[in-house]
Amino acid sequence: MASSKQRVRFAPSPTGYLHIGGARTALFNWLYARKTGGTFILRIEDTDQARSTDESLRAILESMKWLGLDWDEGPEVGGPNGPYKQTERLALYKEFADRMVREGTAYRCYATKEELDTLRKEAEARKQQFFYPHLWRDKTEKDWPADRPYVIRFKTPLSGETTFHDEVFGPITTPHNQIQDFILLRSDGIPLYNFGAVVDDITMGITLVARGRDHIINTAPQVLLYKALGYQLPRIAHLPMMLAPDGKKLSKREGRKYGIPISVTRFHDDDGPLDGYREMGVTPDALLCYLIRFGWSHGDQEEFTRQEMIDLFDFSGASKADGKFDIKKCTAISLKMLKEEKYTPTDEYLRRLGPFLEARGMTPRDDAWMRRALATYRERAQTLVQCAEGFEVYLKPLAALDPALVQKFLTVEKAGWLPQLRDALAAVDPFTRDEIGKAMPAFAEAKALAMKDIGQPTRVALTGKTATPGLDDVMEVLGKAETLARLDQAAALLR
RNA sequence: GGCCCCAUCGUCUAGCGGUUAGGACAUCGGCCUCUCACGCCGGUAACACGGGUUCGAUUCCCGUUGGGGUCGCCA
């Protein structure tokens, strides 16, 4: 391991929401920085001006904050290597590009996009692979036409190959004849991805680049750029892809098809609002827990606190094979994380639950009551949404009972004892789970009934539902007055 | 199609030459039980195929097949 301070970055382009795969990339970089005591940089690659939007940038920052992946340098926090948006660094790219032209490792190309598109189409028609013909490669300054736009292209070596060592995949070799004379700087002075990323990684002192496997193809050109510029290569790590259950790219369409959120937080685009993991009701720690086990492992461990992730993380634990997203596993992890105080302290649980209650028209009550009520759902709610739905039993007035349920459970024949149960419960004091838990079986026994005979009718009378936490819990949370009132209401329906 | 990469239960994965191939999710039984969950017990379920190397291959090498990535003045 390098002795100097590690510097890593996450470099999204603000052309949409923060994709779940991007979140995984961000997590791995963040973990590496935190583990090594290094610096985590957030850099905005907004060079695609046609697609970049401020709304997208806001959404990405919001998602990063929600995940708790804080950055040491970048938007809002600044830093010594700014600015951190590429469109604010154009002079830098020009300086590097001009230098390369001067040194002969790059050249001006005056071929127009139209011209090249035509050639591309022709090659396509001949079923041949298009390859940039070295139109301007060997021209010199005296050949440059005046007043015509040009791009700057890299002068890729004509033969040989480039090999780099990937921390995850090992050595990867690319023959140079597969690398075109790619464009560094567009005619409008804006850099293309490979060039912008390299110049920034160099000037920001990045020591390790970790990104998705779809970038492996970009690495050889970037290595060539480092060499041409005379800088030392950072360490490089690629992560396997996160795919949809059918092995396709995890797109918005695929996500909908399998009920998988693909955005970290809610995002509005042309098709309307798109809910994310936050809206689905998983906690950031639970999501991170699912993500870290995707393409990485530490033996059989499935649950991690944030600190454990930091302590245990290492690129040697990464795997090479692509994976398919499994939403059921994700919610299963969510349940485990939500259930345990160690992973989700009660205070945090309630704080996160609040907005979900309010979204359903409920108002949280006092802290002690909320804690008591939460205890009845902690072991059964996979998500905060499910928990909030459960709270409707407690916080919403009981709606008119479903006639089908009344027919099934609340007839004189099946629940004629209801008024007497009500009276028996009225005598319970204190009205606690334990006392109720004794009174109910005692009542059943006195009536020569089994608990299972009185359970469901009572449950329906109390909650209008057939599945809820235990009756003793429900009654205690509801309180004696509300419990009796609801039973009275149901008893009136008996016929 | 060219080039690059990958390959253990349905899914995420453990394994780093010798294991009854383990765990988790899912699934199927059972227990618990007032319902639904949780929890507990148990079952089904994988080394893609073919060659090597080796006393011995899931593990190392080659090939085949399958999958993915990429071939833009997108990132």
Side-chain angles (χ1 to χ4, degrees), chain A residues 11-15 45-48 50-52 109 111-113 116-117 120 127-132 149-153 161 166 168-170 172-175 177-180 182-188 190-194 196-197 211-220 238 240-241 243 245 247-249 290 293-303 319-333 335-336 339 376-382 386 390 409 437 440-441 444 450-460 463 465-472 474:
Chain A
S13 64
T15 54
E45 307 210 328
D46 59 345
T47 54
D48 185 345
R51 293 195 301 144
S52 292
C109 170
T112 63
K113 186 160 192 327
L116 293 173
D117 282 346
R120 209 186 312 272
K127 296 199 165 184
Q128 284 181 340
Q129 187 180 186
F130 174 75
F131 215 82
Y132 170 73
Y150 60 88
V151 300
I152 293 179
R153 286 183 184 271
E161 57 187 31
D166 192 288
V168 176
F169 288 89
I172 294 179
T173 300
T174 306
N177 64 16
Q178 290 297 315
I179 305 174
Q180 311 229 14
F182 55 94
I183 294 175
L184 269 25
L185 223 49
R186 301 198 301 207
S187 43
D188 59 5
I190 293 177
L192 248 54
Y193 172 71
N194 279 139
R211 73 245 283 199
R213 205 205 70 203
D214 47 336
H215 284 294
I216 277 189
I217 197 81
N218 288 318
T219 309
H238 287 95
M241 306 279 285
L243 306 169
K248 302 289 180 215
K249 200 184 251 166
Y290 178 75
R293 277 283 304 190
F294 202 105
W296 182 88
S297 64
H298 179 259
D300 285 333
Q301 189 166 345
E302 302 261 359
E303 291 146 47
S319 59
K320 304 182 200 182
D322 292 343
K324 296 170 185 168
F325 198 98
D326 183 352
I327 191 66
K328 283 188 172 167
K329 177 108 186 185
C330 185
T331 49
I333 292 285
L335 170 68
K336 291 189 182 196
K339 211 168 64 169
T376 69
Y377 274 107
R378 260 205 116 132
E379 302 224 319
R380 29 176 45 86
Q382 286 183 308
Q386 284 180 13
F409 296 107
M440 293 282 291
M451 263 309 284
K452 69 175 190 299
D453 295 324
I454 67 171
Q456 283 303 69
T458 306
R459 170 168 287 105
V460 169
T463 68
K465 295 175 190 282
T466 53
T468 73
L471 288 173
D472 44 2
V474 170

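Below, all heavy atoms of this structure are taken into account, side chains as well, without hydrogens, waters or symmetry copies. Proteins get letters first, then strands, A, B, ... in listed order; numbering begins at 1 in each.
U59(B) makes up no base pair with any nucleotide shown, lacking Watson-Crick or G-U wobble contacts both under 3.5 Å. In this entry C71(B) has G1(B) as its Watson-Crick or G-U wobble partner, both defining distances falling under 3.5 Å. Partner assigned to A14(B) is none, using Watson-Crick or G-U wobble distances below 3.5 angstrom. U27(B) is paired with G43(B) under the Watson-Crick or G-U wobble criterion, all donor-acceptor distances under 3.5 Å. The nucleotide U65(B) finds its pairing partner in A7(B), both defining distances of the Watson-Crick or G-U wobble pair being shorter than 3.5 Å. Using the Watson-Crick or G-U wobble rule with both distances under 3.5 Å, U54(B) pairs with nothing in any strand shown.
Asn177(A) places its CG atom 12 Å from the C1' atom of C4(B), with the value rounded to the nearest Å. Here C34(B) presents its P atom at 15 Å from CZ of Phe409(A), a figure rounded to the nearest Å. The nearest whole Å value for the distance from the CE atom in Met440(A) to the P atom in C34(B) is 10 Å. Taking atom CZ on Phe325(A) and atom C1' on G10(B), their separation rounds to 16 Å, with Å as the unit. The NZ atom of Lys465(A) sits 18 Å away from the P atom of U35(B) (whole-angstrom rounding). The distance from atom CD of Gln386(A) to atom C1' of C36(B) is 11 Å, rounded to the nearest whole Å. Protein atom CZ of Arg293(A) is 13 Å distant from nucleotide atom P of G23(B), rounded to whole Å. Whole-Å rounding puts the Asp166(A) CG to C4(B) C1' distance at 12 Å.
With distances taken from any side-chain atom of Arg459(A) to the nucleotides U11(B), C34(B), U13(B), the minimum falls on C34(B). Here C34(B) is the nucleotide among C5(B), G2(B), C34(B) with the atom lying nearest to any side-chain atom of Lys452(A). Picking from U13(B), C3(B), C34(B) the nucleotide with the shortest atom distance to the side chain of Pro175(A) gives C3(B).
Here the separation of G66(B) from C47(B), taken at their C1' atoms, is 16 Å to the nearest Å. For the P atoms, the distance linking G43(B) with A21(B) amounts to 15 Å, nearest Å. Rounded to whole Å, the separation between the C1' atoms of A7(B) and G15(B) comes to 15 Å. Nucleotides U8(B) and C61(B) have their P atoms positioned 16 Å apart, rounded to a whole Å. Taking atom C1' on both C32(B) and A26(B), the two are 22 Å apart, rounded to the nearest angstrom. Rounded to whole Å, the P atom of U19(B) lies 13 Å from the corresponding atom of U59(B). Rounded to whole Å, the separation between the P atoms of U13(B) and A75(B) comes to 30 Å. Comparing C60(B) with C4(B), their C1' atoms sit 22 Å apart, to the nearest whole Å.
The CE atom of Met241(A) lies 10.5 Å from the CZ atom of Phe294(A); values are rounded to the nearest 0.5 Å. Note: Glu303(A) CD to Ile333(A) CD1 = 6.0 Å, rounded to the nearest 0.5 Å. The structure places OH of Tyr290(A) at 9.5 Å from OG1 of Thr331(A), a figure rounded to the nearest 0.5 Å. Summarising the geometry, atom CG belonging to Leu192(A) is positioned 10.0 Å from atom CZ belonging to Arg153(A); distances are rounded to the nearest 0.5 Å.
Residues passing the side-chain contact (heavy atoms from CB on, under 4.5 Å) test with Ala450(A), sequence neighbours excluded: Lys452(A), Asp453(A). Asn218(A) is linked by a side-chain contact (heavy atoms from CB on, under 4.5 Å) to Tyr193(A), Asn194(A), His215(A), Gln222(A), counting only residues two or more places apart in sequence or in another chain. Every residue two or more places apart in sequence or in another chain that forms a ring-ring contact (aromatic ring centres under 6.0 Å, His included) with Tyr150(A) is listed here: Tyr110(A).
Although no hydrogens or angles enter the test, the distance criterion places no donor-acceptor pair under 3.5 Å between the side chain of Glu45(A) and the main chain of Gly196(A). In this structure, the side chain of Arg186(A) does not engage the main chain of Pro191(A) through any donor-acceptor pair within 3.5 Å. Side-chain atoms of Arg293(A) come within 3.5 Å of backbone N or O of Gln301(A) as a donor-acceptor pair. Put simply, the side chain of Glu161(A) never gets that close to the backbone of Thr173(A): no donor and acceptor are under 3.5 Å apart.
The two residues Ala220(A) and Ile179(A) make their nearest non-hydrogen contact at CB-CD1, 3.9 Å.
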| request: Evaluate side chain to side chain contact (heavy atoms under 4.5 Å, CB included) for Arg459(A) paired with Phe409(A), printing each intermediate quantity in order. | output: CA-CA 9 Å; Arg459(A) 170 168 287 105; Phe409(A) 296 107; over 6 Å; no
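Heavy-atom nearest nucleotides on RNA chain B were determined for Gly455(A) and for Gly295(A), and the one closer to the 5' end corresponds to Gly295(A). Positionally, the nearest nucleotide of RNA chain B for Gln178(A) lies more toward the 5' end than for the other of Gln178(A) and Asp453(A).
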| For nucleotides 69-75 of chain B, read 5' to 3', which letter fits each nucleotide if B means a protein heavy atom sits under 4.0 Å from the base, S means only the sugar-phosphate is that close, and - means neither? | BSBSBBB
| remark: B/S/- along nucleotides 24-33 of chain B (protein heavy atoms under 4.0 Å) is BSS-------
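Remark: the Arg380(A) side chain and the C38(B) base include no donor-acceptor N/O pair separated by less than 3.5 Å.
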Write down the protein N/O and nucleotide N/O pairs, taken from nucleotides 41-49 of chain B, whose separation is under 3.5 Å; answer none if there are no such pairs.
none

